[in-house]
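See structure below.
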Amino acid sequence: MRILVVEDEKRIADFLQRGLESAGYAVDTANDGAGALDQVHAAEYDLIILDLGLPDIDGLALLSKIRNRKASPPVLILSARDQVDDRVKGLESGADDYVVKPFAFVELLARVRALLRRGQPTPERLQVGELVLDCIRRRVTRANENIELAPKEFSILEYMMRNRGRPLSRTMIVEHVWDMDYDGLTNIVDVYIRHLRSKIDDKYQTKLIHTVRGIGYMLELPETQPERA
Ligand code: CA
């Protein structure tokens, strides 16, 4: 899941980026409207967090430019303007939600998760064999045993489970889990896959994570093999 934060106040942008990244999202930031439009053209986002007060363009004008695009992700407006008028205008201009500054990060995160769920009618629980990932509680179990994963490990596993049976390149995995600054250093994926394997596969006879030569990795339950610890 990839989020674009459009915010000119560096302190807030950094705070959001850090918080969202530790919640397992890939986050890019833009500090003005022009930069935001460039980013929106360059990459696919699952959600945009948009500050209304930007130096070069009014946030609502930017919102309508974003909305004019074919594929437009959900937009969460972030603003110090707490008047009802602005709130209504924002929602009328096509924003999906509205958070007033100052805000508590946990509240923002809850709204982000709700919007991402809404934007994507995906199951809240993914299962491959006896491996179960609960997207809401962010818990993973295999054969009913709890597995502790770091946020990035969770994100990679979620991405692989959503795409089960489909070979995923290292670049695809990087783009879904890390931000744009993460330039081509795809071998970090191998490191994370190694961690994931040691947590979800090593002690089980049936291996779920497979190396696909020349491409990357795939998660799938091999056929006709009983699941046994
Ligand atoms: Ca601002």
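As a basis for the values below, the full set of heavy atoms in this structure was taken, side chains included, without hydrogen atoms, waters or symmetry mates. Ligands are counted one by one from 1 in listed order, and the atoms in each one are counted from 1 as well. All residue numbers refer to positions in the sequence shown, counting from 1. Here the structure is a predicted model, which is why all the values come from computation and not from measurement.
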**Candidates Lys199, Lys203, Arg139 - the one meeting salt bridge (charged side-chain N to carboxylate O under 4.0 Å, His left out) with Glu145** =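 Answer to the salt bridge (charged side-chain N to carboxylate O under 4.0 Å, His left out) test with Glu145 among Lys199, Lys203, Arg139: Lys203.
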
**Prompt:** Under 30°, 30 to 60°, or over 60°: which ring-plane class applies to Phe103 and Phe15, parallel, tilted or perpendicular?
**Reply:**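 Judged by the thresholds at 30° and 60°, the geometry between Phe103 and Phe15 is tilted.
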
**Item:** Electrostatic pair Asp58:Lys65 at N-O distance under 4.0 angstrom
**Value:**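 No, this pair does not count.
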
**Prompt:** Does Asn144 CG have over 12 foreign heavy atoms under 6.0 Å away?
**Reply:**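 At most 12 heavy atoms, drawn from other residues, nucleotides or ligands, come within 6.0 Å of this atom.
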
**Prompt:** In terms of heavy-atom contacts, does CZ of Arg164 have more than 12 from other residues, nucleotides or ligands at under 6.0 Å?
**Reply:**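 Counting other residues, nucleotides and ligands, CZ of Arg164 exceeds 12 neighbours.
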
**Message:** Could you tell me if Arg197 and Thr211 have a donor-acceptor pair between their side chains, going purely by distance under 3.5 Å?
**Reply:**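 Checked: Thr211/Arg197 side chains pair up, N/O donor to acceptor below 3.5 Å.
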
**If only protein N, O or S atoms under 3.0 Å count, total around the Ca ion (ligand 1)** =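 My tally for this metal is 3.
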
